[in-house]
Amino acid sequence: MKKVIEILKEKVTGGFKQAGYDEKYGFVSVSNRPDLCQYQCNGAMAAAKEYKKAPFMIAEDVVSKLSGDAVFEQIEAVKPGFINITVSGAFLAEQAEKMCEEEDFGVEKPEVKKTIVIDYGGPNVAKPLHVGHLRPAVIGESVKRICRFMGDKVIGDVHLGDWGLQIGLIITEVKRRQPELPYFDDSFEGEYPKEPPFTIGDLEEIYPYASNYSKEHEDYLTEAREATTLFQDGHAGYRALWHHILDVSIADLKKNYDKLNVEFDLWKKESDVQKYIPDMVQKLKDDGFAHISEGALVVDVTEEGDKKELPPCIIVKSNGATLYATTDLATIVEREKLFQPDQIIYVTDKRQGMHFTQVFRSAKKSGIAKPETKLDFIGLGTMNGKDGKPFKTRDGGVLRLQALREEINEEVYTKIKENRDYSESEAREISEKVGLAALKYGDLSNQASKDYIFDIERFASFEGNTGPYILYTIVRIKSLFNKYKENGGVFNEKASLLPPISESETGVYLTLSKFADTMETAYAELAPHKICQFVYELSDALNHFYHETKILAEADEARRESYLKLIGLAQRVLERCIDMLGFEAPDKM
């Protein structure tokens with residue numbers, strides 16, 4: 001299905017050509033003065049220099065060729081040389097009718113489908129999710145859903161950290177507390193217990209304690225490092241403990257991600273790619289891509305055109321230890337082997353930009369990633385408190401994600417109880433859905449790379465550019481349809497959409513016509529905030545229309561059915577959009 005903007009461009013391009021001008025000047029855009037017109041073409045201004053003619057005269061020539069076209073309600077030349085365009089209501093209704101009939105509302109999807117791996121989790125095991133994990137989770141999940149909507153095969157990977165010093169610290173502390181456990185008896189030959197010797201609550205206390213203690217006690221840190229080495233080298237008892245840590249942690253992580261409506265196809269870990277590292281390192285050496293510098297094995301990543309020399313990518317430290325870069329390169333080795341991806345997308349803090357520049361360049365330079373594999377990094381800004389600093393608890397600690405979610409749910413619950421007489425269970429169920437929308441939309445509506453202020457009161461508001469406002473718009477439409485059915489109305493799905501007769505109705509049609517453009521842009525730029533902009537604009541247009549129009553009381557049956565079909569289309573588009581943002585609307589609010 002052709003987009004409105006494409007149809008207008010074809011028309012105006014044809015007008016330039018018929019008037020004797022180059023068709024390249026027929027570019028059409030949404031008007032930056034919606035009070036004057038809906039669309040505009042500024043090509044006559046650019047053509048004036050080439051044709052040595054006043055831009056207004058060129059614009060008039062073009063308009064004269066187009067003024068009788070049924071697509072246009074009005075097309076006029078305006079000094080000094082703009083072409084202002086208002087499309088006809090019949091044309092808008094025809095385009096919306098096609099959206100109703102076409103799969104996915106007429107969005108044209110790429111003919112070539114890609115295989116994409118998205119890496120958007122990255123938590124370490126044995127630690128609770130905190131606010132810093134919110135943005136990678138919700139933005140990565142939305143990008144995954146957008147790409148799937150556009151037809152790609154997308155594999156989401158949580159990519160857990162489970163191979164570092166934190167494991168050694170936990171082992172050391174558990175040994176201090178429960179030395180009698182068989183995991184620490186080198187002579188033990190039986191089967192290790194199936195039940196873990198700790199709960200997730202225990203781990204969430206053990207790790208911070210061990211980490212803080214090790215910073216003040218060098219002997220403890222040395223012991224933890226030795227435990228890490230033994231565990232990585234295959235110590236049976238330590239490996240058994242590690243498996244317990246994984247089982248307990250992953251069960252808790254899945255529960256928390258599920259509450260966020262975030263799903264991963266793969267629960268891969270740093271440990272999964274350790275087997276690829278020796279061969280990868282050897283190949284980097286053999287092929288001449290890695291060399292020794294100050295005792296470490298490095299890959300130079302500075303390229304011609306760089307304004308300054310970049311630090312080399314360290315593959316193996318002088319003490320023989322590997323780093324995150326080593327693991328990330330080995331992960332690309334595995335992903336190429338398992339999935340042959342066309343694209344790998346990493347969603348994490350923008351402060352890791354240099355790290356991923358080094359990894360991507362090393363992967364491309366050495367052939368670890370195929371030349372045609374696209375490597376993308378979505379660098380995320382920080383979620384800050386009202387003081388402009390990274391979001392913290394009141395006592396200055398890192399706020400757990402579960403606590404943040406519960407806090408925003410409580411804010412929504414309070415608003416619901418103040419305004420509606422729901423039972424306790426019903427109010428809680430609604431507040432879960434609305435709270436999730438408030439949390440996710442509050443984050444997603446910001447450009448990913450920008451820092452933003454997290455304001456619970458504002459994000460939970462039922463007015464303005466918020467998740468609850470979007471849901472309220474959908475629920476309002478659902479309620480109107482329910483009322484129509486309760487009064488004996490039967491919706492005619494074959495009803496025709498009629499040309500709009502009011503400014504607010506025209507606004508709904510015009511906004512709906514931007515859906516395909518929105519999806520193409522959000523997909524090309526990996527930008528969920530573009531969808532947020534669209535759903536807010538559509539919700540606003542719908543609410544204006546709702547307030548100014550007596551939809552169910554409309555006496556003209558054909559007009560009433562057209563109204564219902566229009567808002568039904570808008571509801572379906574909104575629901576598809578919020579699904580791509582990762583939340584859903586309740587039946588009532």
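Counting from 1, the numbers follow the sequence of the chain as shown. Computed from a predicted structure; not experimentally measured.
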field: Partner of Glu73 under side-chain contact (heavy atoms from CB on, under 4.5 Å), chosen from Val87, Thr506, Thr86
entry: Thr86
field: ring-ring contact (aromatic ring centres under 6.0 Å, His included) pairs, two or more places apart, involving residues 412-448
entry: none
query: Does Lys386 make a cation-pi contact with Phe454 (under 6.0 Å, within 45 degrees of the axis)?
result: no
message: Closer than 4.0 angstrom, basic N to acidic O: yes or no for Arg576 and Asp579?
response: no
message: Checking Glu270 now: which residues fulfil salt bridge (Lys or Arg N to Asp or Glu O under 4.0 Å) with it, not counting sequence neighbours?
response: none
message: Just by distance, no angles: are the side chains of Asn261 and Glu141 close enough, under 3.5 Å, to form a donor-acceptor pair?
response: no
query: Are the charged groups of Lys478 and Asp587 less than 4.0 angstrom apart, N to O?
result: yes
message: Please determine whether a side-chain nitrogen of the Lys or Arg among Glu505 and Arg559 lies less than 4.0 Å from a carboxylate oxygen of the Asp or Glu.
response: yes
message: Suppose we call two aromatic rings close when their centres sit under 6.0 Å apart. Are Phe264 and Tyr257 close by that rule?
response: yes
query: Ser449 side chain to Gly381 main-chain N or O, any donor-acceptor pair under 3.5 Å?
result: no
- prompt: Salt bridge or not for Glu426 and Lys588, using N-O below 4.0 Å?
  reply: yes
- request: Check whether any side-chain heavy atom of Thr115 lies under 4.5 Å from a side-chain heavy atom of Val154, and answer yes or no.
  value: no
- prompt: Tell me, do Arg135 and Asn446 make a side-chain contact under 4.5 Å, heavy atoms counted?
  reply: yes
For a quick test of your reading: what N or O donor-acceptor pairs under 3.5 Å do the side chains of residues 545-553 make, sequence neighbours left out?
unit_1	atom_1	unit_2	atom_2	d
Glu548	OE1	Ser504	OG	3.3
Thr549	OG1	Phe545	O	2.8

query: Are Phe72 and Ser88 side-chain neighbours, meaning at least one heavy-atom pair lies under 4.5 Å?
result: no
- prompt: Counting N and O atoms only, with roles assigned by atom type, does the side chain of Lys144 sit under 3.5 Å from a partner on the main chain of Glu263, one being a donor and the other an acceptor?
  reply: yes
statement: Sorted by chain and residue number, the ring-ring contact (aromatic ring centres under 6.0 Å, His included) partners of Phe377 (sequence neighbours excluded) come out as Phe356
message: Side chains of Glu575 and Gln571 only: does a donor on one sit below 3.5 Å from an acceptor on the other?
response: yes
- request: Answer whether the closest heavy-atom distance between the side chains of Gln40 and Ser29 falls below 4.5 Å.
  value: yes
query: Do any pairs count as a salt bridge (Lys or Arg N to Asp or Glu O under 4.0 Å) and have a residue in residues 560-574, sequence neighbours left out, and if so which ones?
result: Glu97-Lys565
message: I need the full list of salt bridge (Lys or Arg N to Asp or Glu O under 4.0 Å) pairs touching residues 461-475, with sequence neighbours left out, sorted by first then second residue.
response: none
